[in-house]
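What you see below is based on every heavy atom in this structure, not just the backbone, and it leaves out hydrogens, waters and symmetry mates. Fair warning: this is a prediction, and the values are worked out from it, not measured in the lab.
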Amino acid sequence: MPGNLFTEMEEYEGISVMDVYDIVTDFAKEFRPIIEMYGPDPLNNVMSKVVTILEHLEAQTVKIGRLQTNLQEKDAIIARLERDKMEKAADRARFEKELEQIEEHWREESHEMVAVVNRLQEENRKLLKALATKQDTSTGNHCNY
């Protein structure tokens, strides 16, 4: 049974305050001939109960309207927060991709720098060896005089 009630509540489109006022007008039209025939006394007790019920219906209708407005506002906030969350996730993914690209570029530059340093060190060794060889031959030539 509670499931059926829930389904009925989901399908319930609502009743407006104007609908309540229309119901009051309809009641008045229905009771008018009785009051005109028998006077107001026989219906006083019933009318006070009907008025009380209609007042409660009006109050509940106003309350439901406020709750629906509140629910719509909450739904709008949830939708905005979900959009923000998705945007932040996209930003984070973009940032991580950029960071990976920067790291890859840094690695490539580091490898290039290491290669340059190795090449320069090799050239330095060759130059030092050439210099040492030249100095040895120079020193040997000076000794022959």
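- Side-chain heavy atoms closer than 4.5 Å link hydrophobic residues (I, L, V, M, F, W, Y) into clusters, and following such links, even through other members, never connects Val114 to Val116.
- For the pair Asn124 and Leu120, the minimum side-chain heavy-atom distance is 4.5 Å or more.
- The hydrophobic cluster containing Phe95, built from Ile/Leu/Val/Met/Phe/Trp/Tyr side-chain heavy atoms closer than 4.5 Å, also comprises Leu99.
- Every residue two or more places apart in sequence or in another chain that forms a side chain to side chain contact (heavy atoms under 4.5 Å, CB included) with Met18 is listed here: Ser16, Tyr21.
- Looking at residues two or more places apart in sequence or on another chain, you find a salt bridge (charged side-chain N to carboxylate O under 4.0 Å, His left out) between Arg119 and Glu123.
- With values rounded to the nearest 0.5 angstrom, Thr61 atom OG1 is found 8.0 Å from Ile23 atom CD1.
- Residues in residues 101-115 take part in these salt bridge (charged side-chain N to carboxylate O under 4.0 Å, His left out) pairs, two or more places apart or across chains: Glu104-Arg107.
- No side-chain heavy atom of Leu131 sits under 4.5 Å from any side-chain heavy atom of Leu127.
- The hydrophobic cluster containing Ile53, built from Ile/Leu/Val/Met/Phe/Trp/Tyr side-chain heavy atoms closer than 4.5 Å, comprises no other residue.
- A search for side chain to side chain donor-acceptor pair (under 3.5 Å) contacts involving Arg92 returns nothing, not counting sequence neighbours.
- Side chains of Leu43 and Tyr38 form no contact here, defined as non-hydrogen atoms less than 4.5 Å apart.
- Every residue meeting the side chain to side chain contact (heavy atoms under 4.5 Å, CB included) condition with Ile77, not counting sequence neighbours, appears here in chain and number order: Arg80, Leu81.
- Looking at every heavy atom in both residues, Asn45 comes nearest to Ser48 through O-OG, 2.9 Å.
- Cluster membership check: Val24 does not share its hydrophobic cluster with Val17, using side-chain heavy-atom separations under 4.5 Å among Ile, Leu, Val, Met, Phe, Trp and Tyr.
- Contacts of Arg94 classified as side chain to side chain donor-acceptor pair (under 3.5 Å), with partners at least two apart in sequence or in another chain: Asp91.
- Every residue two or more places apart in sequence or in another chain was checked for a salt bridge (charged side-chain N to carboxylate O under 4.0 Å, His left out) with Glu82, and none qualifies.
- Pairs passing the salt bridge (charged side-chain N to carboxylate O under 4.0 Å, His left out) check and including a residue from residues 56-77, sequence neighbours excluded, do not occur.
- Under the rule for a side chain to side chain contact (heavy atoms under 4.5 Å, CB included), the partners of Gln121 that lie at least two apart in sequence or sit in another chain are Val117, Asn118, Arg125.
- Linking Ile, Leu, Val, Met, Phe, Trp and Tyr residues whenever their side-chain heavy atoms come within less than 4.5 Å places Met47 and Met37 in a single cluster.
- For Gln72, the side chain to side chain donor-acceptor pair (under 3.5 Å) criterion is met by no residue, not counting sequence neighbours.
- Remark: Glu30 CD is loosely packed, at most 12 non-hydrogen atoms of other residues, nucleotides or ligands lying under 6.0 Å away.
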